[in-house]
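Structure first, commentary second.
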Amino acid sequence: MTVRLRVAPSPTGDPHVGTAYMSLFNLAFVRQQGGQFVLRVEDTDRARFQADSEAQVYETLAWLGLDWDEGPDKGGPCAPYRQSERLDTYQPYVEQLLGEGHAYHCWCTPERLQEMREDQQRRKVPTGYDRLCLGKTYEDRAALGGAQERPVVRMLIPDDVPLAFTDLIRGEVHAPRPDDQVILKGDGFPTYHLAVVVDDHLMGITHVVRGEEWISSTPKHLLLFDWLGWERPQFAHMPLLRNPDKSKISKRKNPAARLTWFVEQGYLPEALVNFLGLLGYSLPSQEEIFTFAEMSATFDWSRVNTVGPVFDLEKLGWLNGHYIRELSEEDLRARLVPFLADAGLYDGSAGHLDLLTGAVPLVQTRMAVLSEVVDLLRFLFVPEQDFTVDPAAAEKNLVGAEAILTACTDALEALDEWTVESVQAAMDAALIDGLGLKRGKAYAPVRTAVTGSGIAPPLPESMALLGKARVLRRLRAAA
RNA sequence: GUCCCCAUCGUCUAGCGGCCCAGGACUCCACCCUUUCAAGGUGGCUACGCGGGUUCGAAUCCCGUUGGGGGCACCA
């Protein structure tokens, strides 16, 4: 039997980093087994639905190179892959469960349910539906109050509901006893619990890989598989990604919870994939830098941790810097262009292309994320009339440095050939030999005058790229 | 409140009864290199939550405790 796994995001906002995390582990196993990976959109929550969210899921997963074999956008033998388009699919199973006595109608209003729960909490008993509607007709029930006309359908959880199951990562797991879960909402949409079971079965899913937060609802799903006479898939409950305070990673507390944030910041997809693979997992080789293919080749569920890892941006930054340094200069240049262009610094002209080509080797070891290139190379691309010197750097390096700046200006002005070597030779002759300064002391004012900052790429190289005219102008302006 | 899951350096992790007075990586600190900042090199600090067992022997097994997390929706 061929292995089939799925990821099932809900289009309720910006794509979540957890979706990528789950996809990575699903896919690592799928590709190793030669199986198929299904992308299913779980859009049964009309209240939180967001139209552009689905396309963003496709974009970000594709950006990461986490590719799916079947999905709403790609089609496939089990189409449609959007739950909102499968409403007719679920209905017969609801009828079947109702007919066999495994489910019943419930007319309780949200208000009554809430009161019931609050009362249960006050009495310190487990919360759960009290089955007021069980065995009643609408007329019976309406007489009791707190009822509404449109019923929902609930599962009738039996006393002997199986609570234990085998998890690929955790082994034998015991989950809590479920409540009489709603499986069909008043609006006719199935809830997650029904839809996931029906779709997983109909789509031939063999392994359900999902977050730890689903452990407690697994007994409901098991029951549904059993009632419907379907074979149960295998389960793997992944640990939850955490904020630094250990809570479940959230968009409110953590910018890194949004997948698009990584694109905006200039993280490399290969670095993010590598990093996600490091969370809650380690290769048998103990290697920390690896590709998806390497991870997939040796993938093993027993190596997945049960502890929820904190998503540590510090280490991702290091990893990203490593991958940046690994890029060819051409590749890096191409990835840098959008950031410079978005900042309004890069116009795509041949002149700018030449400048950037020359600047890439100067910045390659100086970035943790691609977006840092904007501050690093602003001095090189900024229109001359917009060039400014950072006040703090001016205070520190320009005050009292007139002699250095003048000597440097004079030496450079006399230069016929404008190269890294000639610029450096002229500066050294004028400032080190001429004024008797150490190189560090001598270069600081020049750096600040020319780049506008106390921190910049190597100075003679930067000046060579900048060109004689701009260098002299800035030097004079600062003196 | 209730039920379930989990527990090694600050963080990510190795470890699955002796090879561990616990190894690697990130961070941090020091030094080297050096025109700033990086990168690179070398070295260093820091952990088996606690208490009981089991065993010749426990980070590894069991129990308890504490701590953290998650679920308890007509959300997924």
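Lettering of chains follows the sequences in order, A, B, ..., and the numbering in each one begins at 1.
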Expressed in whole Å, how much space separates the P atoms belonging to B/rC5 and B/rC62?
-> 13 Å
Are the aromatic ring centres of A/W214 and A/F235 under 6.0 angstrom apart?
-> no
Can the ring centres of A/H237 and A/F165 be said to be less than 6.0 Å apart?
-> yes
Atom pair distance, as rounded to whole Å: CZ in A/F290 and P in B/rC12 = 15 Å
Heavy-atom nearest pair, A/C408 first then A/L475, reads SG-CD2, 4.2 Å
Mark up nucleotides 30-41 of chain B, 5' to 3', with B wherever a protein heavy atom is under 4.0 angstrom from a base atom, S wherever such an atom reaches only the sugar-phosphate, and - elsewhere.
-> -----BBBBSS-
Nearest heavy-atom approach of A/C133 to A/R141 is SG-NE, 3.1 Å
What about A/F311 and A/F275, are their ring centers closer than 6.0 Å?
-> yes
Is A/Q286 touching bases, backbone alone, or none of the nucleic acid, heavy atoms closer than 4.0 Å?
-> base
Nearest-Å distance once atom P is located in both B/rC61 and B/rG41 | 37 Å
Going by modelled atom types, is there a donor-acceptor pair between the base of B/rG24 and the side chain of A/E288 at under 3.5 Å?
-> yes
Pair A/Y281 + A/F25: ring centers closer than 6.0 Å = yes
Of A/V304, A/T306, A/V307, which is the lone residue that meets side chain to side chain contact (heavy atoms under 4.5 Å, CB included) with A/P239?
-> A/V304
Measure from the side-chain N and O atoms of A/E372 to the backbone N and O of A/A368, and report whether any donor-acceptor pair falls under 3.5 Å.
-> yes
Are the ring centres of A/Y81 and A/W68 closer than 6.0 Å?
-> no
When you compare B/rU60 with B/rC48, how far apart are their C1' atoms, in angstrom units rounded to a whole number?
-> 10 Å
Once you round it to whole Å, what is the distance between P of B/rU13 and CD of A/E287?
-> 17 Å
d(OH, A/Y192; P, B/rC72) in whole Å = 12 Å
In whole angstrom, give me the gap between the P atoms of B/rC63 and B/rC26.
-> 38 Å
At under 4.0 Å, does any side-chain N or O of A/K248 touch on OP1 or OP2 of B/rG68?
-> no
Per nearest nucleotide of RNA chain B, the residue lying toward the 5' end, A/R242 or A/D43, is A/R242
If every non-hydrogen atom of A/G454 is compared with every non-hydrogen atom of A/T448, which pair is closest and at what distance?
-> CA-OG1, 4.0 Å
Could you tell me which nucleotide pairs with B/rA30 by Watson-Crick or G-U wobble geometry, both distances under 3.5 Å, or answer none if nothing does?
-> B/rU42
At their closest point, which heavy atom of A/P9 faces which heavy atom of A/R40, and how far apart are they?
-> CD-O, 3.3 Å
State whether the side chain of A/T409 and the backbone N or O of A/L405 hold a donor-acceptor pair below 3.5 Å, judged by distance alone.
-> yes
Pull out every residue in residues 118-132 of chain A that has a heavy atom closer than 4.0 Å to any atom of RNA chain B, ordered by number, or say none.
-> A/Q121, A/K124, A/P126, A/T127
Measure from CZ on A/F165 to P on B/rC4 and round the result to the nearest Å.
-> 13 Å
Figure out the NE2/P separation between A/H193 and B/rG71, and round it to whole Å.
-> 12 Å
Would you tell me if any nitrogen or oxygen in the side chain of A/S216 comes within less than 4.0 Å of OP1 or OP2 on B/rC3?
-> no
Would you indicate what A/V152 reaches in the nucleic acid, counting non-hydrogen atoms under 4.0 angstrom: base, sugar-phosphate, or nothing?
-> base
Any donor-acceptor pair under 3.5 Å joining the side chain of A/R177 to the base of B/rC3?
-> no
Give one of base, sugar-phosphate or nothing for A/S302, where a contact means two heavy atoms less than 4.0 Å apart.
-> nothing
Between CG of A/D187 and P of B/rC74 the distance, given in whole Å, is 12 Å
Please measure how far the C1' atom in B/rU2 lies from the corresponding atom in B/rG18, and state the result in whole Å.
-> 43 Å
Whole-angstrom distance between B/rG49 and B/rG67, as gauged at atom C1' = 7 Å
Atom CZ of A/R117 and atom P of B/rG71: how far apart are they, to the nearest Å?
-> 15 Å
Which atom pair, heavy atoms only, marks the closest approach of A/M203 to A/P80?
-> CE-O, 3.8 Å
Answer yes or no: does a side-chain N or O of A/K185 lie under 4.0 Å from OP1 or OP2 of B/rA76?
-> yes
Sticking with atom C1', work out how far B/rC50 lies from B/rG68, rounded to a whole angstrom.
-> 15 Å
Closest approach of A/L431 and A/I404, non-hydrogen atoms and distance?
-> CD2-O, 3.6 Å
A/L163 has an atom CG; how far is it from atom P of B/rC72, in whole Å?
-> 16 Å
According to the Watson-Crick and G-U wobble definitions, with both distances under 3.5 Å, which nucleotide is paired to B/rC50?
-> B/rG64
Rounded to whole angstrom, note down the P distance from B/rG71 over to B/rA14.
-> 25 Å
Letter by letter from the 5' end, nucleotides 5-10 of chain B scores (B base, S sugar-phosphate only, - none; protein heavy atoms under 4.0 Å) SSS---
Considering every strand shown, what is the Watson-Crick or G-U wobble mate of B/rU2 when both distances are under 3.5 Å?
-> B/rG71
Answer with base, sugar-phosphate or nothing: what part of the nucleic acid does A/R154 contact at a heavy-atom distance below 4.0 Å?
-> sugar-phosphate
Touch class at under 4.0 angstrom, heavy-atom based, for A/R303 against every strand present = sugar-phosphate
